[in-house]
Amino acid sequence: MVAENLEQVRKNIKESCRKVNRDPAEVTLISVSKTKPVSMLQEAYDAGSRDFGENKVQEIMDKYPQLPSDIRWHMIGHLQRNKVKYIVDKVALIHSVDSLRLAETIEQEAAKHQVTVSVLIEVNVAQEESKFGLKTEEVLSLVESVAAFPHIHIEGLMTIAPYVEDPEENRAIFRQLKKLSVDIAAKNINNVSMSVLSMGMTGDYQVAVQEGATMVRVGTGIFGERNYAR
Ligand SMILES: *Cc1c(COP(=O)(O)O)cnc(C)c1O
């Protein structure tokens, strides 16, 4: 089932790209595998997936040694500072940097491990109370501060859009994140790239791709519903 689902999601991404004249190669599909067993990740791997998204440090640490080493792990959940040290040398990209304090910790741990960590700044575009992420107007100043850190490279922005019945309701959110990334890119800040836009989940990735997403994070659409009550 995982392989068929992946194929369907890839087809949908291609179709969305075709509608707006984008090259599908610009869009990375991240298989969001949180709560799912290693056997299902292996299925997705065998069907060609190399990018996996997890939202818990412990889960990345459990799964990391059990799966092939060419997997790119994406930390997409809220990251506590005291856990940074466990994943700083394991993840390809941290999508959820939302404070200077967290960035400072990542910088310290990256320096210790002698690695450079790629990160995205998480933006709470919709300003939902329940969500992490900076307000749109706070992003530039954090980007400017983090740009000075030698062991962190900002690659772009990430947002988690609200849960909606009709994905069209999130189009304006995706547009705002795209606009913010274009505005920041225009400032040509040293050590800062705005090439990645991580936005869109199972319910709305097709709209996100139409609005410029370069990474979509799809869980349910690939692995099925999650059961948190186990
Ligand atoms: C769980 C999660 C996803 C995937 O959600 P689905 O609706 O299952 O596709 C994407 N992004 C983040 C940050 C998540 O926590």
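Not measured: the values here are computed from a predicted model. Atoms within a ligand are numbered from 1 in the order they appear, just like the ligands themselves.
The cluster map of Ile, Leu, Val, Met, Phe, Trp and Tyr, joined by side-chain heavy atoms under 4.5 Å apart, puts L197 and M158 in different clusters. No continuous path of hydrophobic side-chain contacts links I173 to V182 [ILVMFWY only; heavy atoms under 4.5 Å].
Applying the 6.0 Å contact sphere to CD of E165 captures no more than 12 heavy atoms from other residues, nucleotides or ligands.
Of the candidates M158, R226, K56, M201, it is M201 that places a heavy atom closest to atom 10 (C) of ligand 1. Here atom 6 (P) of ligand 1 lies nearest to T202 when heavy atoms of T202, T35, V216 are compared.
The cationic group of K90 lies under 6.0 Å from the six-membered ring centre of Y64 and within 45° of the ring axis, placing it in a cation-pi geometry. At least one test fails for R72 against the ring of F52: distance under 6.0 Å to the centre or angle within 45° of the axis.
At a 4.0 Å heavy-atom cut-off, ligand 1 touches K34 through the side chain alone.
The N/O atoms of N55, backbone and side chain alike, include none that comes under 3.5 Å of an N/O atom in ligand 1.
In terms of protein heavy-atom proximity, atom 12 (C) of ligand 1 is closest to I76 CD1, 3.5 Å. In terms of protein heavy-atom proximity, atom 11 (N) of ligand 1 is closest to R217 NE, 2.8 Å. The protein heavy-atom contact nearest to atom 8 (O) of ligand 1 is T220 OG1, 2.5 Å.
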